[in-house]
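Notes for the one structure printed next.
Just so it is clear, the model here is predicted, and its values are computed rather than measured.
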Amino acid sequence: MKAEQKLRSFSIFCLVILGISITCGHVDVHVGVILDLELLDGVVNNSSISMAVEDFYTTTGRDYRTRLILHDQNSQGSVVEAASAGLLLMKTVGVEAIIGPQTSEEADFLAYMGNEAHVPIVSFSVVNSLISPSRTPYFIRMAQNDSAQARPIASILKAFGWKELILIHDDSYSGNGPIPYLTDAIQEVGTDIFRRIPLPSTADEAAIRQIMHELSDLPVRVFIVHLPVSLGGSFFRLANEAGMMVDGYAWIITSRLANLVKSMDPAVVNSMEGVLGIKTHVPKSLLLDNFRQRWKRKFRKEHPEADVSDIDVHALWAYDATWAIALAAEKAFSPGVSPILHPIPPTEANSKKLMGMEVSPVGPKLLQALLATRFNGLSGVISLPEGELNSFNTFEIINVVNDGAGRKVGYWTPGYGLSRVLSIEKNYSTNAEDLASIIWPGGNTIVPKSPTATNVTILRVGVPVKTGYNEFVAVELEPNATKGYVVDIFRTVMETMPYVQLDFQPYDNGHVEELGYYDELIYQVFLKRYDAVVGDTTIRANRSNYVDFSQPFTDSGISMIVPVVDADVTKKILWFLAPFSMELWFATAGISVVKGVLIWFFERSTNEEFQGTIPEQLIYEWIMTVREKLISTVGAGEKLNTNHSRFVSSLWTFVIFVLVTSYAANLTSILTVEKLRPKVTDLQTLIKNKENIGCQNGSFVLEFLKEQGADESNIIPYPSVEEYVKALNLGSPNGGVSAIVDEIPYIKVFLKKYCRNYTMAGKTYRTGGFAFAFPIGSPLVSDVSRAVVQFNQYRMNEIENKWFGNMTCPDPLEATDMNYELSISSFRFIYLTTISISAVTVVLYLINISYEERKRAKIAAEVELVKPADDSIRDVESSDDDQAQVIDETINTHNGEDEAGAVGESRNDQAGPSSLAGSASSSVEVGTKESDLQVSKRR
């Protein structure tokens with residue numbers, strides 16, 4: 001007990017001493033810094049960050065409870081090194097925030113790490129709009145989003161009336177980020193992107209020279225350049241060497257280069273004379289001037305070998321980012337909040353680990369404090385309500401001149417557009433007059449205009465020779481003319497390139513429309529016989545080894561053409577039995593018989609309606625069952641006396657309800673389904689059954705079918721649409737085919753003519769579609785592809801209607817005008833059966849009436865023979881109704897005696913003379929009455 005008390009007292013003492021040290025001292029907040037310290041930019045930014053920490057705790061005059069402890073890590077410009085440094089800082093050091101890194105590729109990975117570990121990643125140089133705080137909330141962009149410069153650039157284009165331009169950017173994460181925003185903004189002002197050239201991030205001087213050679217042959221002389229400093233410097237130096245920084249050219253650089261012009265090599269800046277740039281505007285302030293002076297003194301002292309004339313905006317943002325973290329730390333860690341004194345117990349939410357790294361318990365509070373931070377920084381008003389700077393919307397428009405500085409020629413603001421000064425309030429403007437005079441490349445002040453082509457290139461175009469499907473490509477050798485759907489598309493696309501003339505050359509190698517013909521045609525491009533191939537050429541993997549294909553301009557895929565068969569069920573005579581199987585019909589009939597027998601058994605002794613002869617009862621029960629089925633009610637006219645019968649009848653009511661509703665629903669479904677269906681729906685079934693399959697002459701589809709497992713002996717090529725029809729009509733057993741396998745564009749043309757009897761069915765196997773072929777690396781590929789995409793939106797229908805007509809013939813399986821009305825022939829069986837049974841019933845009725853009349857006459861004659869004369873006189877005045885009633889009763893009695901049969905006769909034999917006398921007396925009475933009736937009628 002004493003040992004436990006001593007241990008408890010010692011623990012309390014330690015906590016008190018530690019609490020006093022925290023209260024009297026400071027809480028250390030560890031912050032990581034990940035920069036590329038191999039580059040001068042990284043060294044400059046690191047110097048700015050360290051000065052920010054010093055200034056925050058020494059110049060404000062406040063006693064802060066927290067202290068930022070910086071931990072520097074060198075990323076060496078590598079994503080792997082940056083990720084490794086981030087993991088080290090989070091796992092080993094336990095940092096609460098990270099400043100950096102410098103590139104988008106590094107920041108993208110670190111942003112996800114910070115999001116998982118709840119460690120804010122505050123970047124001052126990553127402006128890429130693809131990395132968004134909305135995706136990774138713990139990523140804070142202390143910089144201007146690069147998408148904000150799209151509208152200023154578009155305003156400049158509109159101001160100088162440039163209608164076409166070439167967009168050059170590096171093919172990297174940072175280089176591709178603002179391109180969609182730039183493209184939209186440029187097109188909104190009526191300017192077309194003539195060509196977009198993505199440079200590899202690792203492009204050497206040889207690759208850049210090749211690009212310059214291609215650009216010099218193009219008619220467009222207006223360029224937008226979005227490149228990093230490392231690549232942009234070499235690009236402009238080589239552009240100057242290629243003679244492209246002279247009169248007639250116009251160059252615009254994005255803020256990615258413009259913000260760093262002052263820190264670039266003076267030799268490179270000299271080669272950029274006349275370039276316009278979009279630069280982030282940093283408002284002037286005494287605080288900024290003071291910092292610049294102090295920073296220059298310190299940096300030159302620490303790095304005397306470095307040649308840096310001034311600090312750039314990224315270093316200012318690095319300074320402000322450090323201050324923002326220091327201010328947020330004060331809110332997140334005080335009063336009395338410390339991850340050391342108050343560790344959060346492990347729970348499902350905070351025990352999450354990333355590669356063995358604990359989740360920061362203070363991260364959420366620190367993030368909220370950062371988002372709520374607002375202060376006047378070196379670069380302007382700092383506010384991060386959505387995780388990025390939202391107050392930097394003003395840009396400077398600079399003109400690069402020989403002195404190495406960017407001469408300011410105006411501003412762009414969201415409210416006023418272009419203007420020479422910021423303080424003037426005016427309407428939104430995109431006028432060149434609102435900018436100062438500009439020195440263009442070559443030292444000229446005259447605005448460059450979009451020039452015309454200085455030379456014309458003749459493009460040798462190979463086209464296939466075809467005998468079928470001439471709607472796509474048709475070659476007429478005498479006179480030499482090439483036309484068709486594909487040719488018109490290509491001509492329309494090339495209208496956007498007036499510097500190119502087309503020379504169509506038919507390719508006839510003596511093996512036209514044989515297997516491999518198209519491969520040979522495309523291979524001629526590789527052999528430099530043709531500069532392009534235009535035809536119904538499909539993108540195939542083996543062909544891509546020799547040529548580059550443009551964007552496909554047709555639907556892609558392979559499918560089947562099959563005949564349609566009539567599936568109209570109402571054409572069968574007993575179609576109304578289709579909703580139920582024959583087993584169900586027989587079962588229903590059997591249950592009906594059982595039900596009738598049971599009810600007769602229960603009711604026969606107490607219910608007069610269930611008494612009589614067996615045939616009468618069977619007919620009665622059948623009639624009642626049919627009535628119950630038709631009107632779904634039990635006992636329509638049938639009165640039951642016993643509870644047993646009522647119970648059985650109730651069960652039958654439920655059965656009838658289920659049967660009738662099911663029958664109606666199933667019959668409705670049968671009558672509303674398609675009346676036509678494809679005869680074949682599966683290619684593999686045809687191949688398995690070794691049925692004949694057709695394809696087009698010379699098409700790669702033959703090889704495709706062999707790859708699917710079809711025997712070559714079952715594959716029959718055909719040259720034309722007409723041959724397709726003949727083969728399908730014959731069918732596989734008669735030497736034709738069961739289906740035609742072809743590409744979807746051909747199938748559409750076929751179905752346009754023969755859609756009533758055939759349809760496309762089965763699985764669609766994806767292919768590349770029709771495209772134009774060019775030599776590998778040809779600059780025309782991207783231009784033609786872009787034009788194809790735009791063409792699809794505007795003129796496709798026009799050219800399709802020209803060559804294929806208005807494709808209004810509907811697919812028989814999808815036709816909306818299908819006649820679903822039932823004709824009288826659909827009910828012929830029911831009508832004939834009803835009429836026949838009714839006729840038989842009438843005949844039976846007439847026979848029965850005739851039989852009754854003959855019987856009545858016979859009885860009347862017998863009565864007449866035995867009638868006394870005095871009875872005739874006495875009953876002359878009796879009424880006609882009474883006389884007729886007597887005769888009817890006599891006839892009924894006679895009928896009953898006849899139906900009794902042998903029983904009645906034996907009874908009469910046993911009655912003896914007295915009975916005979918009675919019978920005779922009755923007969924005499926009836927005869928007398930009948931005679932009196934006849935006398936009355938004569939009167």
Side-chain angles (χ1 to χ4, degrees), residues 31-56 59 68 70 72-75 77 97-104 106-107 121-127 140-146 174 228-230 255-265 277 279-326 375-382 384 388-389 391-392 396 398 404-406:
V31 176
V33 179
I34 301 178
L35 300 172
D36 185 0
L37 299 178
E38 306 294 327
L39 297 178
L40 184 59
D41 287 344
V43 177
V44 170
N45 295 330
N46 194 35
S47 174
S48 180
I49 292 172
S50 62
M51 285 189 65
V53 175
E54 294 175 6
D55 293 348
F56 184 82
T59 62
L68 297 189
L70 301 180
D72 298 340
Q73 291 292 321
N74 185 5
S75 68
I98 292 178
I99 302 175
Q102 291 175 264
T103 67
S104 298
E106 296 170 1
I121 308 297
V122 185
S123 177
F124 56 85
S125 59
V126 176
V127 297
I140 305 295
R141 192 200 314 279
M142 183 65 72
Q144 190 175 46
N145 195 317
D146 59 4
S174 302
V229 174
S230 58
S255 60
R256 196 177 181 193
L257 272 176
N259 285 340
L260 303 174
V261 166
K262 288 185 178 181
S263 61
M264 294 175 68
D265 187 348
K279 180 181 178 181
T280 302
H281 171 67
V282 177
K284 293 182 179 180
S285 66
L286 294 176
L287 183 65
L288 178 58
D289 293 339
N290 177 268
F291 172 76
R292 275 189 170 132
Q293 294 174 6
R294 292 187 299 111
W295 179 85
K296 287 179 181 179
R297 290 194 300 268
K298 179 181 178 182
F299 191 80
R300 288 171 182 171
K301 180 179 179 181
E302 295 176 351
H303 306 279
E305 74 287 352
D307 184 14
V308 179
S309 60
D310 198 2
I311 195 170
D312 58 57
V313 69
H314 294 294
L316 302 181
W317 283 332
Y319 184 97
D320 292 338
T322 308
W323 269 62
I325 293 176
F375 63 96
N376 290 325
L378 294 181
S379 58
V381 178
I382 303 301
L384 305 164
E388 59 183 2
L389 291 178
S391 58
F392 285 76
E396 298 176 5
I398 62 171

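- A distance of 12.0 Å separates CD in Glu106 from CD1 in Ile121, rounded to the nearest 0.5 Å.
- The line from CG of Asn259 to OG of Ser125 is 11.5 Å long, rounded to the nearest 0.5 Å.
- The backbone N or O of Pro101 lies less than 3.5 Å from a partner atom in the side chain of Ser123, making a donor-acceptor pair.
- Here the side chains of Ile311 and Tyr319 are not in contact, with every heavy-atom distance at 4.5 Å or above.
- Judged by distance alone, with hydrogens and angles left aside, the side-chain atoms of Ser48 form no donor-acceptor pair with the main-chain N or O of Val44 at under 3.5 Å.
- Proximity of Met142 to Ile382: side-chain heavy atoms (C-beta onward) are separated by under 4.5 Å at one or more points.
- Looking at Gln102 and Leu35, their side chains come closer than 4.5 Å, going by heavy atoms from C-beta outward.
- A 4.5 Å side-chain heavy-atom check between Lys284 and Asp289 finds every atom pair outside the cut-off.
- Between Trp317 and His314, the two ring planes are perpendicular [angle over 60°; tilted spans 30° to 60°].
- Expressed to the nearest 0.5 Å, how far CG of Leu68 lies from OG1 of Thr322 amounts to 8.0 Å.
- For Arg300, the side-chain hydrogen bond (donor to acceptor under 3.5 Å, both in side chains) test picks out no residue, with sequence neighbours left out.
- Annotation: the span from Gln73 atom CD to Asp36 atom CG amounts to 13.0 Å, rounded to 0.5 Å.
- In this structure, Lys298 and Ser50 have side chains that are in contact, with non-hydrogen atoms separated by less than 4.5 Å.
- Between Thr280 and Ser255, the shortest heavy-atom contact is OG1-CB, 4.4 Å.
- For the pair Gln144/Leu389, no side-chain contact is recorded, criterion being any heavy-atom separation below 4.5 Å from C-beta on.
- Across every non-hydrogen atom of Asp312 and Asp41, the tightest pair is OD2-OD1, 4.5 Å.
- Met264 has its side chain within reach of Val229: a pair of non-hydrogen atoms, C-beta onward, lies under 4.5 Å apart.
- Closest approach of Leu378 to Asp320, counting heavy atoms only: N-OD1, 2.9 Å.
- Within the model, atoms CD1 of Ile140 and CD1 of Ile99 stand 12.5 Å from one another, a figure rounded to the nearest 0.5 Å.
- Minimum heavy-atom separation, Ser104 to Val126: OG-CG1, 3.7 Å.
- For the atom pair CZ (Phe299) and CH2 (Trp295), the distance works out to 5.0 Å, reported to the nearest 0.5 Å.
- Residues Leu316 and Ser379 come closest through the heavy atom pair CB-CB, 4.2 Å.
- Residue Phe124 comes nearest to Ile49 through the heavy atom pair CE2-CD1, 4.2 Å, listed as atom of the first residue, atom of the second, then distance.
- Residues Arg294 and Glu54 are not paired through a salt bridge, judged by the lack of any N-O separation under 4.0 Å between the basic side chain and the carboxylate.
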